[in-house]
Protein chains: 2
Amino acid sequence: MATRTDAPTRREQILKEAARLFAERGFHGVGVDEIGAAVGISGPGLYRHFAGKDAMLAELLVGISGQLLTGAKRRLQEADGVPAATVLDSLIEGHIDFALDDRPLITLHDRELDRLRDTDRKLVRQLQRQYVELWVEVVRTVYPGLTEPTARSAVHSVFGLLNSTPHLGRPGSLPGRAGTAALLHRMARGAFAAAGA
Amino acid sequence: MATRTDAPTRREQILKEAARLFAERGFHGVGVDEIGAAVGISGPGLYRHFAGKDAMLAELLVGISGQLLTGAKRRLQEADGVPAATVLDSLIEGHIDFALDDRPLITLHDRELDRLRDTDRKLVRQLQRQYVELWVEVVRTVYPGLTEPTARSAVHSVFGLLNSTPHLGRPGSLPGRAGTAALLHRMARGAFAAAGA
DNA sequence: CCATCAGGTTAACGACCGCTAACCTCCCTG
DNA sequence: CAGGGAGGTTAGCGGTCGTTAACCTGATGG
């Protein structure tokens, strides 16, 4: 967990604000002038940092998918010899952290994929598919009774459960971050267990 | 279950195609010409049936929320004296039926709410809130250990799980409709049980 | 000390989009 | 057999949006 201490670059500011706005009002519902205004510059100034509005969305979505996949691979690698159920817990924990800390990105991730150019969309889909398959393998190790299509459906459903964080009331709702994370974790485990029965 | 046998009206055709297109490409990503073309008329002909593009979305979202709430109320009413766990099963079953049979509507339901005019949005939110509160009451009866905020979070999360149907591969993926419904039902029950522990 | 360049600015263009206007054509009914 | 309304059509207006062009400015390094 190499925490950043230096100030965010302008590019990063733009991406962050664009993610928030895209998540709030949809890709087509946000104008470049608004994105510019959100970082204190106005409209066409953005073109000094990005080739266009599409490029911002592409960078966001590729970044998310890559980050999720990289984190999951790292977790699998670190867990060598530990029980598969523990590995699954680690995957769940990682996904929850992401869903709680980057809600706009989680929202974009499954909502604006179709606004991408063909080449970018294929890349994102490939990263997403790898991420899913990695989960499916672990789940099937823990619950050998599951067929592969059933396991895949179960994984997608649990993603739906974990990605519900944007609907869970604004941060500072009652259970607090730790409580929410624990609740989601329990429910995900319970859902998988029920699927495997 | 009063099954319709008569042909759909033009209004209904338009709503159905609009729902599909909105779900696929987002409200702002679809033009009125496309919606018209999808039902064989072109562009401004739609204005013989709807006041505008906004009105189509409003009617769709109000219809969805109302239908979900009405169905849930009916299920609660029919179940008098039966155990709360059975009532919860009935709610889950109803939601799954809707999620499996009207995927585009489920997608719209939590995605395009913010594109509505203030008055319509408030109405839809009120219907949604009633629906959630109804679930929360039943869930807390089955699992009395849950605080109200925790139960509400659990309900939202299970909605996320059930509403994942659009990601579950196109209809005709392997487990078939009945198998998918059964899987989702088991997982929802397992998730609630884990939340209540 | 001047050249360069990163990073802004405003003006404006072209495309698109929602919607209205004006008109046409059946079909039904008195 | 008028005639009127339901349900289409095409043309076009007004506004918005993404993008480009042209220009400006302050820091930086040889």
Side-chain angles (χ1 to χ4, degrees), chain A residues 6-62 104 108 111-121, chain B residues 6-62 104 108 111-121:
Chain A
D6 48 336
T9 69
R10 171 90 343 149
R11 264 184 77 90
E12 289 168 335
Q13 285 180 46
I14 295 171
L15 284 176
K16 184 183 165 193
E17 294 302 310
R20 185 179 55 80
L21 289 167
F22 289 161
E24 277 175 15
R25 301 214 283 284
F27 179 67
H28 292 298
V30 180
V32 291
D33 289 354
E34 300 177 75
I35 302 173
V39 297
I41 72 183
S42 243
L46 296 170
Y47 287 75
R48 298 286 166 194
H49 304 275
F50 294 94
K53 202 179 147 192
D54 299 351
M56 299 181 208
L57 182 65
E59 188 157 329
L60 282 171
L61 292 186
V62 172
L108 287 185
R111 190 168 296 197
E112 307 286 353
L113 180 60
D114 298 319
R115 280 59 160 177
L116 253 46
R117 284 173 29 234
D118 259 38
T119 159
D120 291 322
R121 190 172 56 246
Chain B
D6 49 336
T9 70
R10 172 102 324 165
R11 265 184 76 89
E12 290 168 335
Q13 285 180 47
I14 294 171
L15 283 175
K16 183 182 166 193
E17 294 302 310
R20 186 180 54 81
L21 289 167
F22 289 160
E24 277 175 13
R25 301 213 284 284
F27 179 68
H28 293 297
V30 181
V32 290
D33 289 354
E34 299 178 74
I35 302 173
V39 297
I41 72 182
S42 243
L46 296 171
Y47 288 77
R48 298 286 166 195
H49 304 274
F50 294 94
K53 201 180 147 192
D54 300 351
M56 299 180 208
L57 182 64
E59 188 157 330
L60 283 170
L61 292 187
V62 172
L108 286 186
R111 190 167 297 196
E112 306 286 354
L113 180 59
D114 298 320
R115 279 60 161 176
L116 252 47
R117 284 173 29 235
D118 260 37
T119 161
D120 292 321
R121 190 172 56 246

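Note on naming: letters A, B, ... go to the chains in the order of the sequence lines (proteins, then strands), and numbering restarts at 1 for each one.
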Listed by chain and number, what are the side chain to side chain contact (heavy atoms under 4.5 Å, CB included) partners of A:A51, not counting sequence neighbours? A:A55
Residues passing the salt bridge (charged side-chain N to carboxylate O under 4.0 Å, His left out) test with B:D114, sequence neighbours excluded, are B:R125
Would you tabulate the pairs of protein nitrogen or oxygen atoms and nucleotide nitrogen or oxygen atoms of nucleotides 3-6 of chain C closer than 3.5 angstrom?
none

Can you list the residues that meet the side chain to side chain contact (heavy atoms under 4.5 Å, CB included) rule with B:R115, with sequence neighbours excluded? B:F27, B:H28, B:L57, B:E112
A:P104 to A:A19 - nearest heavy-atom pair and separation: CB-O, 3.8 Å
Checking B:D33 now: which residues fulfil salt bridge (charged side-chain N to carboxylate O under 4.0 Å, His left out) with it, not counting sequence neighbours? none
Under 3.5 Å, which protein N or O atoms sit close to an N or O of nucleotides 22-29 of chain C? Give each pair with its distance.
none

Would you find a donor on one side and an acceptor on the other, under 3.5 Å apart, between the side chain of B:E59 and the backbone of B:M56? no
Sequence neighbours excluded, the answer for side chain to side chain contact (heavy atoms under 4.5 Å, CB included) partners of B:A38 is B:E17, B:R20, B:L21
Chain A contact limits on DNA chain D, taken 5' to 3' with a cut-off of 4.0 angstrom to heavy atoms: D:dG18 to D:dC23
Out of curiosity, A:L116 CG to A:L60 CG, how far, rounded to the nearest 0.5 Å? 10.0 Å
Please identify each residue that fulfils salt bridge (charged side-chain N to carboxylate O under 4.0 Å, His left out) with A:R10, with sequence neighbours left out. none
Are B:D120 and B:L61 packed together at the side-chain level, in the sense that at least one heavy-atom pair is separated by less than 4.5 angstrom? no
Please tabulate, one pair per line, all N/O donor-acceptor pairs under 3.5 Å involving side-chain atoms of residues 39-48 of chain B, not counting sequence neighbours.
none

Pairs under 3.5 angstrom, nitrogen or oxygen only, protein versus nucleotides 15-20 of chain C, please.
unit_1	atom_1	unit_2	atom_2	d
C:dG18	OP1	B:V30	O	3.2
C:dG18	OP1	B:K53	NZ	2.6
C:dG18	OP2	B:V32	N	2.9
C:dC19	OP2	B:Y47	OH	2.4
C:dC19	OP2	B:K53	N	2.9
C:dC19	O5'	B:Y47	OH	3.1

Exam field: side chain B:R121 to backbone B:L113, donor-acceptor pair closer than 3.5 Å: no
